[in-house]
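All remarks here apply to the structure that follows.
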Amino acid sequence: MNKVDTSFLHKDQFGQDFLWGVSTAAFQIEGAHDADGKGSSIWDVFTSQKGKIKNGHHALTACDFYNSYQNDIDLINELNIPNFRFSISWSRIMPTGTHPVNQAGIDYYNKIIDSLLASGIEPWITLYHWDLPHDLEVKGGWTNRESVKWFSEYVEVCAQNFGDRVKNWMVINEPSVFTGAGYFLGIHAPGKKGITNYLKAMHHVTLATASGAKTLRKLIPEANIGTTFSCTHIEPFSQTPKDIEAAKRVDTLLNRTFIEPILGLGYPQADLPVLKKLNNYILEDDLNNLAFDFDFIGLQCYTREVVKSSLLIPYIGAELISAEKRNVIATDMGWEVYPPALYHVLKKFNSYNIKKIIITENGAAFPDVLQNGKVYDIKRTHYIQDHLEQILKAKKEGYNVDGYFVWSLTDNFEWAEGYNARFGLIHVDFDTQQRTIKHSGLWFRDFLS
Ligand code: IFM
């Protein structure tokens, strides 16, 4: 596996200013769960509970990025990747979630930032990628309106300590996923369930997104400020009015509910009536405080969903027809491989008034084939190439898209799926922590050279 054929796709086709990067998240890679004064997060607690994570996996060590960050930054360099997205572990720098600050945590992220800059790699910080300090969860976590204040206090500490060198910031990662899975379904940390928890968390996270962004703007006026949303191309299972209406409701929930208030459009209550229950938690002036003029919006798209009307599913009256049931090609996450989803999503989000759109995550979990010290992951290489072609198609048609970040640098802890779902451009042997660049990583390296 030496030089990989990249002749049919050129990075120049995307334009000189197009941003190329790779994304990670603290809890999924760092390990060192209690090192140097770090406090527990909701994910430390959730992973320690029996039966929550497949195969009893945990993230006590994960990819050991806490200790091996220099090696991994050298690998990013070797792969010619100019932008690195990582998240800050809130409880590493504020063990209880609010003051006092743990200086060792600040020192750690300073080392990462300085090392990236010394290697000519631009740091992109995500402030919240799902690992709320456990002490705050004890007080109700995101269901407590105080969370908006706690978050702003934390953002202030990050801005004051890292804002002199870090220009690119993302406030909150995929709010619909962590509120839906963590506060409605209970399958992610903190394991809460029910519509009340969910709607409270939804509203407080949305308020925190805007107030966190305002804090950044105030303390780092020149910062490039964004926030990231998961999004999916939605199609009705059939052309019956019932399925079309069901698809519209799912589209509202998955693609519109979190971004529209941020864009100043309010919650899309007319298209998803259950959102009217939010009015119980919306206080005077909240609607004015939900909007922020972001410099960019990060979109994270992996697949499409096919939706059927179903009276059995409360609140939404719709069910997703899995890739398995539809008998289509899927990744190890069970997500259909459907590259045109990215094109459709770009087209859809271009209809909003957004300054810049960056694909801040896209990638796939496939099994790796290890042979003679090499890792063949041809499916992942094709997945990335096919999605880049869809971006090119959107660009050629005049849609705004300004960057692409692969999820993820290394194989890592995939939340409730544990370590079985491998998303990395770099293979990790979790027994030895040995890294091996996969075929996809070599392809990306050559593409970016
Ligand atoms: O691993 C996750 C990441 O934390 C958030 N976006 C989707 C990825 C793949 O599931």
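Values below: all heavy atoms of this structure, side chains included; hydrogens, waters and symmetry mates excluded. What you see is a predicted model; the values in this text were computed from it and never measured. Note that ligands are numbered from 1 as they come in the structure, with each ligand's atoms numbered from 1 the same way. Residue numbers start at 1 and run along the sequence shown.
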Quick check: does [X] get an N/O under 3.5 Å from an N/O on ligand 1?
| X | value |
| --- | --- |
| Trp415 | yes |
| Gln28 | yes |
| Gln300 | no |

Checklist entry - Could Arg380 and Asp368 be called an ion pair, given the rule that one side-chain N must be under 4.0 Å from one carboxylate O? => result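 Yes, Arg380 and Asp368 are salt-bridged.
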
Checklist entry - Does the distance from a Lys or Arg side-chain N to an Asp or Glu carboxylate O, for Arg85 and Glu361, drop under 4.0 Å? => result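 Yes, Arg85 and Glu361 are salt-bridged.
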
Would you call the rings of [X] and [Y] parallel, tilted or perpendicular, taking 30° and 60° as the class edges?
| X | Y | value |
| --- | --- | --- |
| Tyr419 | Phe430 | tilted |
| Trp415 | Phe27 | parallel |
| Phe447 | Phe444 | parallel |

Next on the checklist: Out of all atoms in ligand 1, which are within 4.0 Å of some heavy atom of His129? Include the element for each.
Outcome noted: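 Result: 3 (C), 4 (O), 5 (C).
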
Checklist entry - Near Glu174, which atoms of ligand 1 are under 4.0 Å from a heavy atom of that residue? => result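 Under 4.0 Å from Glu174, ligand 1 has these atoms: 5 (C), 6 (N), 7 (C).
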
Next on the checklist: Contact between ligand 1 and Phe178 is defined here as a heavy atom of the residue under 4.0 Å from a ligand atom; is it met?
Outcome noted: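 Phe178 does not count as a contact of ligand 1 under the 4.0 Å cut-off.
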
Item to check | contact_flag Glu417 ligand 1 heavy-atom lt 4.0 Å | outcome: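 Contact check Glu417 vs ligand 1: negative.
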
Next on the checklist: Considering non-hydrogen atoms of the protein only, which is the closest contact for atom 7 (C) of ligand 1, and what is the distance?
Outcome noted: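 I find the closest protein heavy atom is Glu361 OE1, 3.2 Å.
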
Item to check | Taking atom 10 (O) of ligand 1 as the reference point, the nearest protein heavy atom with its distance | outcome: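 The answer is Glu414 OE2, 2.6 Å.
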
Next on the checklist: Minimum distance, heavy atoms only, to atom 8 (C) of ligand 1: which one of Tyr302, Trp335, Phe27, Phe423 is it?
Outcome noted: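 Comparing heavy atoms across Tyr302, Trp335, Phe27, Phe423, the nearest one to atom 8 (C) of ligand 1 lies in Tyr302.
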
Item to check | Sole residue of Asp411, Asp377, Asp332 in salt bridge (charged side-chain N to carboxylate O under 4.0 Å, His left out) with Arg422 | outcome: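 That would be Asp411.
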
Checklist entry - When you check the side-chain N and O atoms of Asp429 and Gln433, is any donor under 3.5 Å from an acceptor? => result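 Gln433 and Asp429 do not have a side-chain donor-acceptor pair below 3.5 Å.
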
